[in-house]
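What follows is a single structure, written as structure tokens, with notes after it.
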Amino acid sequence: MQTDMPTVVTRFAPSPTGFLHIGGARTALYNWLLARHFGGKFLLRIEDTDKKRSTNEAIDAILEGMKWLELDWDGDAISQAGRAERHAEIARELLEKGKAYKCFATSEELTAARDAARASGGNFRGDLWRDRDEGEAPEGAPYSIRIRMPREGETTISDAVQGKVTVQNSNLDDMIILRSDGTPTYMLAVVVDDHDMGVTHIVRGDDHLNNAFRQHQIYEAMGWTPPVLAHIPLIHGPDGKKLSKRHGALGVEAYRDMGYLPAAMRNYLLRLGWSHGDDEIISTEQAIEWFSLENVGKGAARFDFDKLDNLNGHYIRNLNPDALLSLIRNDLEKEVGHTLETAEEERLIKGLPALAERAKRMPDVTENASLFCNVRPLSLTENAAKALQGDMPALMGKVANELEAVTDWEASVIKAAIFSFAEAEELKLGKVMQPVRAAVTGGRQCGDLVETLEILGQEETIGRLRDLIAA
RNA sequence: GGUCCCUUCGUCUAGUGGCCUAGGACGCUGCCCUUUCACGGCAGAAACACGGGUUCGAGUCCCGUAGGGAUCACCA
């Protein structure tokens, strides 16, 4: 049926040699958005043809990263290694067609040829056996299979991001497509898999741009239609240098642990290299509707934590109290040392929005949230302690007495009580509010003080005030 | 070194030959709001890498230079 044939099929094809880093995450996001935009399919393929470097831990980390970012793929993740037989079959077909040939060169010969080519300022093409008869090879000698690249003319690819890019065919090397042990190389495997999986659009890092020409020739040799290519620029570190494991390249789970929200991450990554006019805050739904390869930038982008923080703050603020609580629950309970009681939960639900207003990363919320828990005596920050020096404890004791007389524990009443107290003591309002804030929050940030007192409850408020005298 | 790609405020970017006295966002500075810190509001400093063309007119097109990057494995 034509109708159930998706018009757009994209894929994300990471090699499982490490975690899902930020560049990979963005590549995955763009592929995902493109597929969702067109109502097509987004496939996941693990490029594990290099068994020596691939690990199951890495596969798990990548899958976990994708799930955390909420990028769902269609169908099961495909193992490239599991398709080796099919790849070898294509290699043999190419051989039969005369589009590939056997290479009996030893690694020493290859290295020597490579060094010579480089020394003469030329290009190594690996073609030692291109024009030799295989009968010249020793009986039973191992051989790899190399593709026979055209030597005349040029190859042009129309990249959706980079535009038309042309390279002279004389620069193309007769790369190995099947190793002497019979396993396929990446160069062959990608092409065969993308073709077999019906991939229509390949979005990947521009470190693959040079490979595109080489792979293009496999499509040509097989008579297959090449997919649309989009090579997106790489992401650099804050200092403009390339991201590497030693240099700021973190797995997405590291961002999760730092307290970034998946939605913020997606929004940030989306804008890092793609734009839609002046829009900055873009929901995932909106992104799906707007996403297009045409608006992907060509220049490499630097990763900027300040902007990510700003965006993250926005998404934290938009979380509802219940979601917020469930996100911080674990860490908060660890911090206060006990399972949250119902009364504490109730306070948190009321108090969390004000904290979210002030947060950039989730730990900002968690740290301040302990103020709504039963932890007495409350630990004081340096500034809070300073604000409570001298005769402040005594003053707080008086405030406590004043608040104890309040029969209707409600913000307006509490406020009136504090106001009249300040007036009676002939103190400026700030002179009372400031120490009360310090005493009750211990220096933690929160919103309106009086409202905070209301949420905290009369008993806890007075207790915290009197703890000062006791201490 | 060969090949290929890239280049607008500090950063992410808008800009597809006249709408650009180059716009937005983050960050930064100042002010306002204010019971802390934020949020929010207002104002401000801040960029077309350089040099040649093409054109009546160039950030936008072409060439060169410089700078940055990618790649050159029986890795992916």
Side-chain angles (χ1 to χ4, degrees), chain A residues 13-17 47-50 52-54 80 103 105 107 110-111 114 117-126 142-146 159 161-163 165-168 171-173 175-181 183 185-187 189-190 205-213 231 233-234 236 238 240-242 268 271-281 294-295 297-311 313-314 317 354-360 364 368 383-384 387 415 418 428-434 436-438 441 443-450:
Chain A
S15 59
T17 53
E47 311 239 310
D48 50 359
T49 22
D50 183 356
K52 288 186 283 290
R53 298 202 309 160
S54 301
Q80 188 162 63
C103 172
S107 60
L110 254 14
T111 305
R114 188 155 36 232
R118 189 152 185 167
S120 68
N123 236 4
F124 171 65
R125 297 189 297 200
Y143 63 87
S144 58
I145 297 181
R146 288 179 182 274
D159 192 277
V161 171
Q162 309 289 342
V165 185
T166 301
V167 73
Q168 295 304 309
N171 287 314
L172 265 21
D173 68 316
M175 71 217 176
I176 291 175
I177 55 177
L178 199 72
R179 301 186 186 103
S180 54
D181 66 359
T183 60
T185 60
Y186 160 79
M187 223 44 92
V190 243
D206 72 7
D207 49 335
H208 282 287
L209 188 54
N210 289 295
N211 290 334
F213 303 102
H231 289 94
L234 269 17
H236 289 171
K241 295 210 177 96
K242 187 197 170 189
Y268 179 70
R271 281 290 287 107
L272 198 62
W274 177 88
S275 60
H276 183 270
D278 286 338
D279 295 300
E280 296 287 347
I281 304 282
E294 289 162 41
N295 300 314
K298 292 174 145 197
R302 295 189 191 196
F303 195 89
D304 179 18
F305 277 101
D306 283 331
K307 190 145 185 177
L308 210 210
D309 279 347
N310 177 271
L311 233 24
H314 170 85
R317 266 171 258 142
L355 300 189
E357 194 77 16
R358 279 145 253 274
K360 295 234 178 291
D364 298 338
N368 292 320
N383 283 340
K415 189 171 188 171
I418 294 177
K428 281 167 80 175
L429 190 60
K431 289 285 178 196
V432 179
M433 289 296 227
Q434 201 196 345
V436 169
R437 180 180 286 279
T441 68
R444 272 155 272 254
Q445 290 182 9
C446 65
D448 182 273
L449 216 213
V450 176

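Per chain, numbering begins at 1; letters A, B, ... match sequence-line order.
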Item to check | Span that lies between the C1' atom of B:U29 and that of B:U3, in whole angstrom | outcome: 47 Å
Checklist outcome for this item: A:K360 meets the side chain to side chain donor-acceptor pair (under 3.5 Å) criterion, sequence neighbours left out, with none
Next on the checklist: Run the ring pair (Phe, Tyr, Trp, His ring centres under 6.0 Å) test against A:F303 and tell me which residues pass, sequence neighbours left out.
Outcome noted: A:Y255, A:Y268, A:F305
Checklist entry - Expressed in whole Å, how much space separates the P atoms belonging to B:G17 and B:U60? => result 12 Å
Item to check | Contacts of A:V165 that satisfy side-chain contact (heavy atoms from CB on, under 4.5 Å) - sequence neighbours left out | outcome: A:I157, A:Q162, A:F213
Checklist entry - When every nucleotide of nucleotides 5-17 of chain B is labelled 5' to 3' by its protein contacts under 4.0 Å (heavy atoms), B for base, S for sugar-phosphate only, - for none, what sequence of letters results? => result SS----SBSS---
Checklist outcome for this item: Answer for the Watson-Crick or wobble partner of B:G57, both distances under 3.5 Å, is none
Checklist entry - Is the phosphate of B:A76, meaning OP1 or OP2, less than 4.0 Å from a side-chain N or O of A:T49? => result yes
Checklist entry - Given that both distances must come in under 3.5 Å, which nucleotide forms a Watson-Crick or G-U wobble pair with B:A66? => result B:U7
Next on the checklist: Taking side-chain contact (heavy atoms from CB on, under 4.5 Å) as the definition, give me every residue that meets it alongside A:I418, ordered by chain and number, with sequence neighbours left out.
Outcome noted: A:L403, A:I414, A:L429, A:V432, A:M433, A:L453
Next on the checklist: Expressed as a whole number of angstroms, how long is the span from A:F213:CZ to B:C4:P?
Outcome noted: 8 Å
Checklist entry - Can you list the residues that meet the ring pair (Phe, Tyr, Trp, His ring centres under 6.0 Å) rule with A:Y186, with sequence neighbours excluded? => result A:H208
Checklist entry - Which parts of nucleotides 62-67 of chain B does protein reach within less than 4.0 Å, heavy atoms only, written one letter per nucleotide 5' to 3' as B for base, S for sugar-phosphate only and - for none? => result ------
Next on the checklist: I need the CG-P distance between A:L311 and B:G24, as an integer number of Å.
Outcome noted: 19 Å
Checklist entry - Among all residues two or more places apart in sequence or in another chain, which pass the side chain to side chain donor-acceptor pair (under 3.5 Å) test with A:N310? => result none
Item to check | Sugar-phosphate, base or nothing in reach of A:A105, heavy atoms under 4.0 Å | outcome: base
Next on the checklist: Just to verify, what does A:T183 make a side chain to side chain donor-acceptor pair (under 3.5 Å) with, not counting sequence neighbours?
Outcome noted: A:R179, A:D181
Checklist outcome for this item: Atom CE of A:M187 and atom P of B:A73 are separated, to the nearest Å, by 10 Å
Next on the checklist: Strictly under 4.0 angstrom, non-hydrogen atoms only: write out the protein contact profile of nucleotides 30-47 of chain B, one letter per nucleotide from the 5' end, B, S or -.
Outcome noted: -----BBBBS--------
Checklist entry - With sequence neighbours excluded, what pairs up with A:A354 under the side-chain contact (heavy atoms from CB on, under 4.5 Å) test? => result A:R358
Next on the checklist: Closest approach to the side chain of A:D207, judged atom by atom: which nucleotide of B:G27, B:C74, B:A70 is it?
Outcome noted: B:A70
Next on the checklist: Tell me every residue that passes side-chain contact (heavy atoms from CB on, under 4.5 Å) with A:H276, counting only those two or more places apart in sequence or in another chain.
Outcome noted: A:W274, A:D279, A:W290
Next on the checklist: Just the rounded figure in Å: distance from P of B:A25 to CG of A:D309.
Outcome noted: 18 Å
